[in-house]
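Numbering starts at 1 and runs along the sequence shown. Each ligand, and each atom within it, is numbered from 1 in the order the structure gives.
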Amino acid sequence: MIDPDIFLDFLKERRSIRAFQDKTLSEREIKMILEAGRWSPSASNRQPWNFIVIKNKEILTKIARNAFYGKFIKEAPVAIAIIGKIKTSQKWFISDTSLVSMNMMLMAWTLGIGTCWIGAMNREKVKKLLDLGENDYLLTVLPLGYIRGDIPVPTSRKPLNKIVKEL
Ligand SMILES: Cc1cc2nc3c(=O)[nH]c(=O)nc-3n(C[C@H](O)[C@H](O)[C@H](O)COP(=O)(O)O)c2cc1C
């Protein structure tokens with residue numbers, strides 16, 4: 001078990017990172033991030049997902065062209081595409097793969113590796129680049145890399161008294 005105060009601080013310190021060093025990640029680091037995704041919870045433990053590890057610069061550059069607010073993905077030495085298998089869990093594939101993305105982002109942060117959820121992209125075009133089919137839902141492509149420059153200043157959060165009610 002992890003100390004809860006340390007864990008909460010860790011959650012607060014994680015930031016979306018949009019600038020990466022030109023330095024490759026080790027296979028161990030990539031494997032740990034994939035493992036963190038693999039151990040995510042899923043509805044009825046169906047695990048309706050596949051992951052694609054993308055190191056090919058040409059493909060990363062093409063994805064960047066189709067990402068409206070994610071051009072920085074071409075800087076990353078590696079990215080992981082998270083694919084939901086629609087037929088495997090028709091109701092929950094988005095929830096399940098979203099949990100995968102969080103696990104992967106948190107694992108990356110423990111390793112000092114930055115990442116950012118990329119949502120704003122032309123999914124159909126990126127799906128084609130990744131050779132995905134009808135049963136594949138492209139949730140996101142997470143760029144992964146050592147952080148270039150300063151860690152961004154903390155983003156704000158709504159206070160608990162504005163978002164929590166007690167009954
Ligand atoms: C569903 C989702 C979609 C997002 N899409 C993008 C995106 O397309 N480009 C981007 O730069 N950041 C994207 N983000 C990152 C958010 O902007 C970021 O998480 C938020 O501003 C809070 O900052 P933080 O992650 O540093 O705490 C996305 C985040 C989520 C959860």
Undergrad: Taking all non-hydrogen atoms of both residues, which atom of Val126 and which atom of Met121 are closest, and how far apart?
TA: CG2-SD, 4.1 Å
Undergrad: Specify whether Trp49 and Phe51 have parallel, tilted or perpendicular ring planes, treating 30° as the upper limit for parallel and 60° as the lower limit for perpendicular.
TA: parallel
Undergrad: Output yes when a side-chain donor or acceptor of Arg18 lies under 3.5 Å from a complementary backbone atom of Lys71, and no otherwise.
TA: no
Undergrad: Considering non-hydrogen atoms only, spot the tightest contact between Asn103 and Ser40 and give its length.
TA: ND2-OG, 3.1 Å
Undergrad: CH2 of Trp92: more than 12 outside heavy atoms within 6.0 angstrom?
TA: no
Undergrad: Heavy atoms under 4.0 Å from ligand 1: which residues qualify?
TA: Arg14, Arg15, Ser16, Arg18, Tyr69, Phe72, Cys116, Trp117, Ile118, Gly119, Ala120, Thr155, Arg157
Undergrad: What's the separation between atom CG in Leu144 and atom CD1 in Ile80, rounded to the nearest 0.5 Å?
TA: 5.0 Å
